[in-house]
Amino acid sequence: MKIQERTGAGAGRSAAPAGPSVGERLPTPPRERKPALAALAVLLILVGALGATMLVLQAGDRIEVVKITEEIPAGQAVNDSNTTSVMVAEDPGINYVKWSQLDALKKLKAVTTIPGGVVAVGEMFGEEAKVPEGKALVGLSLKEGQYPAGLKSGATVAAYRVGGTSRSGSSDDADGGSAGSSGGDSVIVDKAVVDYVQNTKGDDLVSSTNLPVTLLVDDAQAAALTQAATNGEVALVLVPGN
């Protein structure tokens with residue numbers, strides 16, 4: 001009798017539903033697809049490829065041109081030391097000077113002062129420099145001591161007449177000093193612009209060699225400055241305005 005009761009109890013327990021086993025994961029819903037994001041990714045890839053293609057095409061249209069590396073004063077020409085070659089995008093609207101034309105360019109002169117660091121174009125050069133209305137270019141040949149150290153193109157200077165003191169001194173001895181007042185230094189040009197000065201970098205000039213300098217002055221001052229320069233009686237002094 002007892003055996004039957006235990007058997008029936010066991011049978012009842014075996015009929016109960018079994019719970020989920022330990023470690024078993026619940027089913028997850030399928031991931032939602034986003035076609036818009038996929039399309040955007042494809043579009044970005046296409047845009048990048050197109051940009052790379054355009055860069056390659058533009059690189060194929062580049063030309064080698066002349067670049068000015070150092071300032072070239074008006075009336076001066078280019079040379080191997082103040083030019084270099086650079087690649088630029090070809091533009092029919094810009095009159096670039098091609099690197100292959102450098103030898104021909106050396107025969108022309110800068111019509112105005114050309115700053116360093118710019119790409120050369122044909123309009124910068126001509127047969128001669130353009131002097132502004134009412135101005136004149138006067139060339140000087142100065143000894144050491146007649147010009148300030150580090151003189152550069154574009155500097156503002158005053159030109160003094162010098163060298164007459166010694167001659168006036170001899171007159172003083174003979175005339176009792178009557179010529180002393182007329183023989184002293186005097187200002188020829190109170191303000192002039194250095195249009196050109198030879199580069200003395202690297203000891204190109206020795207102390208016994210004169211320094212070539214070109215000044216841009218008013219027409220009315222050109223004659224007196226030229227006369228004093230011919231006699232070697234000109235000295236330059238830097239003045240405010242530089």
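Legend: residues meeting salt bridge (charged side-chain N to carboxylate O under 4.0 Å, His left out) with Lys135, ordered by chain and number and at least two apart, are Asp218. Every side chain to side chain contact (heavy atoms under 4.5 Å, CB included) that Pro148 has, sequence neighbours left out, goes to Leu151, Leu236, Leu238. Applying the side chain to side chain contact (heavy atoms under 4.5 Å, CB included) rule to Gln76 yields the partners Ile72, Pro73, Tyr196; only residues at least two apart in sequence or on another chain are considered. Contacts of Thr226 classified as side chain to side chain contact (heavy atoms under 4.5 Å, CB included), with partners at least two apart in sequence or in another chain: Val138, Thr230. Every residue meeting the side chain to side chain contact (heavy atoms under 4.5 Å, CB included) condition with Thr69, not counting sequence neighbours, appears here in chain and number order: Asn82, Thr84.
A 4.5 Å side-chain heavy-atom check between Val234 and Ile188 finds at least one atom pair inside the cut-off. Put simply, the side chain of Val194 does not reach to within 4.5 Å of the side chain of Leu216, judged on heavy atoms. In this structure the side chain of Val187 never reaches within 4.5 angstrom of the side chain of Val189, judged on heavy atoms. You'll find the side chain of Tyr147 stays beyond 4.5 Å of the side chain of Val237, heavy atoms only. With a 4.5 Å cut-off on side-chain heavy atoms, Val118 and Met124 count as touching.
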Check: residues 96-108 side-chain donor-acceptor pairs under 3.5 Å, at least two apart:
unit_1	atom_1	unit_2	atom_2	d
Gln101	OE1	Lys98	N	3.0
Lys106	NZ	Asp80	OD1	2.7

What pairs of donor and acceptor atoms, side-chain ones from residues 85-95 against any protein atom, are under 3.5 angstrom apart with sequence neighbours left out?
unit_1	atom_1	unit_2	atom_2	d
Ser85	OG	Glu64	OE2	3.1
Asp91	OD1	Gly93	N	2.9

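The stretch residues 108-122 participates, sequence neighbours left out, in no salt bridge (Lys or Arg N to Asp or Glu O under 4.0 Å) pair at all. Within the structure, salt bridge (Lys or Arg N to Asp or Glu O under 4.0 Å) pairs that include any residue of residues 43-52 do not occur (at least two apart or interchain).
No donor-acceptor distance shorter than 3.5 angstrom exists from the side chain of Asn231 to the backbone of Glu233, with no hydrogens or angles considered.
The CG atom of Asn210 sits 10.5 Å away from atom CG of Leu140, with the distance rounded to the nearest 0.5 Å.
Considering all non-hydrogen atoms of both residues, Lys143 and Gln146 come closest at N-OE1, 2.7 Å.
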